[in-house]
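The structure under discussion appears below in the form of structure tokens.
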Amino acid sequence: MSDERPAPSEASEPDTAPSGSVPGAERAPNFVADLVDDDLRAGKHDGRVATRFPPEPNGYLHIGHAKSICLNFGIAAKSAKGTCNLRFDDTNPATEETEYVDSIRADVRWLGFDWGEREHFASDYFDRLYAIAEQLVEDGLAYVDSQSTEEIRKGRGSFYEKGKESPFRDRSVAENLALLRKMRGGELPDGSHVLRAKIDMGSADINMRDPLLYRIKHAHHHRTGDRWCIYPMYDYAHPLSDAIEGITHSICTLEFEDHRPLYDWFVANARMEHRPRQIEFARLNLTYTVLSKRRLQELVEGGHVRGWDDPRMPTLAGLRRRGYTPEALRAFCDRIGVSKKDGVVDVALLEHTLREDLNARAPRAMGVLRPLRLVIDNWPEGHVERFSIANHPEDPSYGTREVPFSRVVYIERDDFAEVPPKKWFRLQPGGEIRLRGACIVRCNEVVKDAAGAIVELRCTWDEGSRGGAAPDNRRIKGTSHWVSAEHALDAEVRLYDRLFSVENPSDEKHGKPYTDLIDPASLEVLTGCKLEPSLAAKKAGEPFQLERLGYFVVDPDGTPERPVLNRTIGLKDSYAKIAGKT
RNA sequence: UCGGGGAUCGUCUAACGGCAGGACGCCAGACUCUGGAUCUGGCUAUCUAGGUUCGAAUCCUAGUCCCCGAGCCA
């Protein structure tokens with residue numbers, strides 16, 4: 001029985017009384033953390049825990065990476081002697097760029113993790129890796145193969161057939177060394193030779209059939225420039241990079257599970273001092289989106305979205321622009337757990353986690369998306385009153401603000417119905433509604449244009465309802481948000497929804513490519529929206545709630561005079577649900 | 001036909017031979033100056049078949065289904 005559970009080391013999460021409801025405070029199931037604890041208790045690595053997050057700088061980070069980042073940094077943070085490195089796995093110059101290095105740094109930092117001085121590049125180890133390769137050759141454990149790509153592929157065999165040994169497999173150490181040096185020296189063309197490990201062409205594990213260590217690639221590397229023309233393969237560079245950095249637990253995804261014997265082979269035969277342990281977990285899948293680098297790239301390059309940071313993208317850059325908070329993302333990663341079962345997490349859980357965080361922290365304001373003029377006939381022309389409204393109804397520490405009110409205000413078109421359906425709480429001809437924090441109005445007349453479209457409502461206000469409370473305590477079921485016409489800020493508002501119209505866009509059962517399953521309604525742009533004046537002060541990235549509508553952020557596309565808002569996510573709408581049922 | 005993994009409510013995940021629990025979701029209700037939030041109640045699961053055992057999600061045997069693997073990608 002384990003009882004020396006690491007004391008509440010995460011001091012950030014003060015445990016509230018058992019009765020208190022602490023949303024998201026449940027201990028996240030995490031078998032990787034349990035294995036690390038086991039190693040710790042067994043006295044391995046002198047009590048050290050060292051993890052790493054090893055992205056290849058060839059694309060933008062997405063929410064699946066967030067799971068890995070939270071896992072790796074989280075495990076390190078749990079233990080006193082824990083560290084987590086950021087390592088760029090840059091062994092393929094053909095696809096990697098500095099732009100991605102920069103975006104990855106920014107995204108990890110934004111998510112809330114700090115790697116301090118522990119930033120590394122696999123390319124930092126090229127000299128060392130090469131020296132080890134020569135050593136392997138001298139030990140008779142590696143050889144230069146001069147077969148063509150095609151011949152090597154054929155020789156590898158298949159799932160059902162063993163491989164065949166290369167005719168070059170038994171070259172002498174001296175010959176191998178000379179050839180390897182020529183490869184490195186730049187005298188040999190791409191594809192003419194490779195360095196392979198001499199393991200076992202008869203292995204049932206294809207990874208062990210003399211895997212490639214180095215290939216010739218006359219390509220410019222984003223960091224080493226033209227210093228190298230041979231580059232190490234992942235299977236070789238990764239375990240050795242881990243060992244060089246003294247990583248204790250090398251956490252990766254399931255598809256590397258059958259690379260583990262090879263991982264161990266390299267660490268052992270390179271006689272590395274540190275012996276990291278590879279542990280595999282299931283990568284994240286989410287409903288209504290795609291999470292593979294390839295598909296994300298296609299969405300960007302095919303022009304299906306506006307870029308890597310399109311607010312509908314599951315990239316960290318996209319989520320950030322959309323208005324997701326790092327706190328919500330971390331809470332989400334905590335809740336989904338870590339296991340070896342590949343599943344699909346319902347995006348509703350992500351959305352729930354987001355709303356939970358935003359509800360607690362986002363200040364409230366008012367804005368009208370589809371304005372309808374409402375004129376208060378018994379309100380004096382030119383008279384302006386400022387109502388004091390709470391910035392957060394559940395947290396007085398957010399204070400109040402003064403919101404100007406005048407004779408003409410805008411309300412949401414959806415909040416008026418000439419012929420109300422059943423269970424309608426909002427405004428209707430002859431009916432009353434409360435204008436949030438201001439007063440109660442009654443609709444006396446519906447003004448239409450020649451075409452019969454409603455252009456404005458003529459109303460009167462109850463002078464005893466100043467501030468919104470009914471003087472006689474009569475029940476006013478509906479409350480509308482509003483914006484004073486003469487004080488309103490004009491804005492563009494972008495409404496986002498799930499990018500895809502189906503749960504699993506990658507599933508072939510749909511009979512069409514996932515790009516055909518993009519929901520055209522996933523982006524709706526509204527112009528002529530009206531905002532209360534206090535919103536002019538909002539900066540990009542500061543979340544706020546537009547009451548009754550949802551959570552929003554200012555998009556960098558806007559200007560102070562003409563703000564652009566992104567709707568991060570709508571409020572839960574139980575009326576839409578009953579209305580939908582009819 | 002080979003190798004490596006995995007199967008528990010609709011979804012994610014606990015239970016490590018001893019009452020199948022939580023979260024999301026869904027349904028119903030209460031409350032509310034956001035049809036939000038909050039609160040209450042309810043819903044649904046151990047892949048199959050055998051076996052061991054007083055007792056099996058857990059151990060054994062045999063199946064079934066799903067994922068990954070034949071890049072000079074990572």
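Order of the sequence lines fixes the chain letters, A, B, ..., with proteins taken first and strands second; residue numbering starts at 1 for each chain.
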Any A/His481 side-chain N or O less than 4.0 Å from OP1/OP2 of B/rU34: no
Nucleotide pairing, RNA chain B (Watson-Crick or G-U, distances under 3.5 Å), in dot-bracket with [ ] and |: .((((((..((((....[..))))((((((.......))))))...(((((..]....))))))))))).....
Candidate nucleotides B/rU13, B/rU34, B/rC12, ranked by approach to the side chain of A/Ser339 - the nearest: B/rU13
C1' gap between B/rG42 and B/rC9, integer Å: 14 Å
B/rC31 to B/rG36 separation - P atoms, rounded to the nearest Å: 14 Å
Residues which pass salt bridge (charged side-chain N to carboxylate O under 4.0 Å, His left out) with A/Glu298, listed by chain and number, not counting sequence neighbours: A/Arg294
Contact nearer the 5' end of RNA chain B, comparing A/Arg215 with A/Ala469: A/Ala469
d(CZ, A/Arg426; C1', B/rG35) in whole Å: 7 Å
Table of protein N/O atoms under 3.5 Å from nucleotides 28-31 of chain B N/O atoms:
none

Pairwise salt bridge (charged side-chain N to carboxylate O under 4.0 Å, His left out) hits with a residue in residues 358-367 of chain A, at least two apart: A/Glu327-A/Arg361, A/Asp357-A/Arg361
Nearest-angstrom distance from the residue atom CD of A/Glu503 to C1' of B/rC12: 13 Å
A/Tyr575 six-ring centre to A/Arg426 NZ/CZ under 6.0 Å and within 45° of normal: yes
Distances under 3.5 Å only, N/O to N/O: pair up the protein atoms with those of nucleotides 65-70 of chain B.
residue	atom	partner	partner atom	Å
B/rC67	O2'	A/Asp342	OD2	2.9

Rounded P spacing from B/rC43 to B/rG22 in Å: 11 Å
Base B/rU34 paired with A/Gln545 side chain (donor-acceptor, <3.5 Å): yes
Interatomic distance at C1', B/rU53 relative to B/rA14, whole Å: 24 Å
Nearest-angstrom distance, C1' atom, B/rC60 to B/rG69: 30 Å
By side-chain contact (heavy atoms from CB on, under 4.5 Å) - contacts of A/Val483 (at least two apart): A/Val368, A/Ala488, A/Lys530
Nearest-nucleotide pick for A/Arg548, side chain only, options being B/rU34, B/rU13, B/rG25: B/rU34
